[in-house]
> 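My questions will all concern the structure given below.
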Amino acid sequence: MAVRRTTDAAPSDAEAAARDVEAAPCGVGAALRDAETAPRGGADAVRRDVGTIPPGVGADADAAGPDTADPRRWLILAVASAAQFLAVLDLIAVTIAFPAIGQDFAPAPASALSWVLNGYTVVLAALLVPAGRLADEAGRRRCFLTGMVLFGLASAACGMAPTLTLLIVARVVQGVAAAVLIPTSLSLALPAFPPRERATAVGAWTAVSAVAASSGPVIGGLLAASDWRLIFLINVPVVLLAVGAGARLLPRSERGGRQALDLPGTALVLVCVGALVTACVEAPEWGYAAPATLAVLAAGVLAGALGVRHVRRATDPVVHPELFRTPGFAAATLGLLSYFVAYGAMVLGASLLFTDVWHYSVRTAGLALAPWPLTVLVVSALSGRIVGAVGARATGVIGALCFVAATLWWLALADDGRGGGGAHYVAHFLPGLIFAGLGTGLYQPVMFAATGLLPSRQLSLGSGVLMVSRQAGTALGVAVLVAVMGGGQQPDFGALRAGWVIAAVTSAGAVAAALTLRRRGTRGTGEASEVGKAGDGARRTG
């Protein structure tokens, strides 16, 4: 089913992949510079006064280290980004192989075949937070390398699976491995960078995720044209190289200490996120008002409510409430959720417009989307300088406004292509893709930089929380657009326009989240220094 297939293809990055640093709330400014030279206790007090860290976090953030750059930092980022690229690419590229997989395992029903993708998507989203907590406790380097090995083994199993059931099981294992890799990749790379370079590092990490998501249909189509199993087997040599390089390059992080595992909290997080994402991805198949959809959705909401109650009372919960009391982190979580709802709807809407309305081939549609990730690459390379020049809040607001501009451009000018020729793409749609690329390259690094605000012991956990916003937002954006289209086989152009209206509204929500980042200091001093200060706690303890 065309809508179903393209729906599942929406990046989780939908990418992202990305996918990222120092967009902390502005204004640590001169007070923090004074704190750097103050005695330890005085520095902690000054940082609390300006709101950089919440009470109770200072002891961890004060484990000072030298303010120097790791000479291997770009190689470390390359290894971390390779993991992010593989995890996002395998989410997208597989959708192109659905017809070939269905032929090999005929007469497999479409509902079973869809779990080749959904098994990966749901498990990945559900495990991001627990896996991030585990990495902080057990050591990020160890978890990253273990996740890479597991991802490679699962990829090989997918490529050699003799039955559909074994393929789905291997995809679930792949999702488990990806859930370990994604939150640890950024938290491993950040401490290696000095403050002035962190926004650029996050921009590069974000760009890799965006490129993986947008190039997935093209790469998947090229490999599937030969053999769909190559989509999985091609991962194996990349994993071997990444594991070898990672064992030599990745820094050893201190463990968070032996803590009792919060089993009730972990179970509630798994049920909440897993159920909500399952309801989003299966609603088009089950029906939006079907008993199964409503029951799974209700289970997710109930688990979420119980989870909030649990973390408020538990001594050492799987997600500490202080995480969301860190200035800027709650705004980043909500901002990324709003942004990725728009992102999922926009990518799916563009894909459906190209393939089902303008009748492009899958390969041509992938190339038509290419200006988006290419723009992200260019903008991400400059993101550090942009944040330093105008500040994190202004950068985030401009990025979200670019997303709003993209949807408004398409609403005003995009048509059903009946005029003939390709002018309707170049003049009416391409500028919107460029606006979307600008928004991605500016907004995501600013918001993902909230990870750098956290103390070292919570870096991977915080990254996992932000990634859940990405996964859940993308799934929700796709589900909303499919609901607007009524689940039809052939999307109506009017329904696609309605989807862009929804994307414009949620993009406005991302603007509001960016506006809540507090501005302190003046442009080029206080706000520019924010690029470095956001991750100071992580650098000092990493």
Side-chain angles (χ1 to χ4, degrees), residues 1-12 14-15 17 85-125 150-178 212-239 277-278 280-282 284-286 347-348 351-352 355-356 360-366 474-475 478 482 487 489:
M1 184 168 66
V3 172
R4 175 68 180 178
R5 185 172 63 254
T6 316
T7 297
D8 291 334
S12 202
E15 259 77 90
F85 184 88
L86 288 179
V88 174
L89 182 68
D90 263 39
L91 181 68
I92 307 303
V94 173
T95 60
I96 304 302
F98 271 12
I101 295 174
Q103 290 175 5
D104 269 13
F105 296 121
S111 58
L113 190 64
S114 69
W115 277 95
V116 174
L117 179 71
N118 294 343
Y120 183 94
T121 302
V122 173
V123 169
L124 171 60
L150 184 61
F151 192 89
L153 292 174
S155 296
C158 287
M160 297 184 291
T163 66
L164 180 60
T165 299
L166 290 178
L167 176 59
I168 292 173
V169 170
R171 282 288 283 171
V172 169
V173 176
Q174 254 195 333
V176 173
S214 298
S215 62
V218 179
I219 295 175
L222 292 174
L223 293 175
S226 177
D227 188 341
W228 64 265
R229 296 178 185 272
L230 291 177
I231 294 175
F232 302 107
L233 296 177
I234 198 69
N235 294 337
V236 176
V238 179
V239 167
V277 174
T278 299
C280 287
V281 300
E282 288 297 331
E285 187 76 23
W286 294 346
V347 173
L348 173 59
S351 300
L352 291 174
T355 57
D356 290 51
Y360 289 179
S361 68
V362 171
R363 199 171 302 180
T364 302
T474 300
V478 168
V482 175
Q489 290 277 350

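Residues take their numbers from the sequence shown, with the count starting at 1.
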> Keeping the roles fixed (side chain from Arg171, backbone from Val116), state whether a donor-acceptor pair exists under 3.5 Å.
yes
> Got a second to check how far Leu150's CG is from Ser155's OG, nearest 0.5 Å?
9.0 Å
> Check side chain to side chain contact (heavy atoms under 4.5 Å, CB included) between Ala156 and all other residues, then give those that pass, not counting sequence neighbours.
Met160, Val236
> Which heavy-atom pair separates Val123 from Gly175 by the least distance, and what is that distance?
CG1-C, 3.9 Å
> So which pairs with a foot in residues 220-230 pass side chain to side chain donor-acceptor pair (under 3.5 Å), sequence neighbours left out?
Asp104-Trp228
> Run the numbers on Val482 and Leu348 for side chain to side chain contact (heavy atoms under 4.5 Å, CB included), then give the verdict.
CA-CA 9 Å; Val482 175; Leu348 173 59; 3.9 Å; yes
> Could you tell me which non-hydrogen atom of Ala178 sits nearest to which non-hydrogen atom of Tyr120, and how far apart they are?
CB-OH, 3.4 Å
> Search all heavy atoms of Ala157 against all heavy atoms of Ala170 and return the closest pair with its distance.
CB-CB, 3.9 Å
> What pairs with Ile234 under side chain to side chain contact (heavy atoms under 4.5 Å, CB included), at least two apart in sequence or on another chain?
Leu223
> I need the minimum non-hydrogen distance between Ala154 and Val173, along with the two atoms involved.
CB-CG1, 3.9 Å
> Could you pull out every donor-acceptor pair under 3.5 Å between side chains of residues 86-94 and any protein atom, sequence neighbours left out?
| from | atom 1 | to | atom 2 | distance (Å) |
| --- | --- | --- | --- | --- |
| Asp90 | OD1 | Asn235 | ND2 | 3.1 |
| Asp90 | OD2 | Gln174 | NE2 | 2.7 |
| Asp90 | OD2 | Asn235 | ND2 | 2.9 |

> Starting from the C-alpha separation in whole Å, work towards a yes-or-no answer on side chain to side chain contact (heavy atoms under 4.5 Å, CB included) for Trp286 and Thr278.
CA-CA 11 Å; Trp286 294 346; Thr278 299; 4.0 Å; yes
> Test: side chain to side chain donor-acceptor pair (under 3.5 Å). Region: residues 157-166. Which pairs qualify, not counting sequence neighbours?
none
> At what distance, to the nearest 0.5 angstrom, does CG of Leu113 lie from CG of Leu167?
8.5 Å
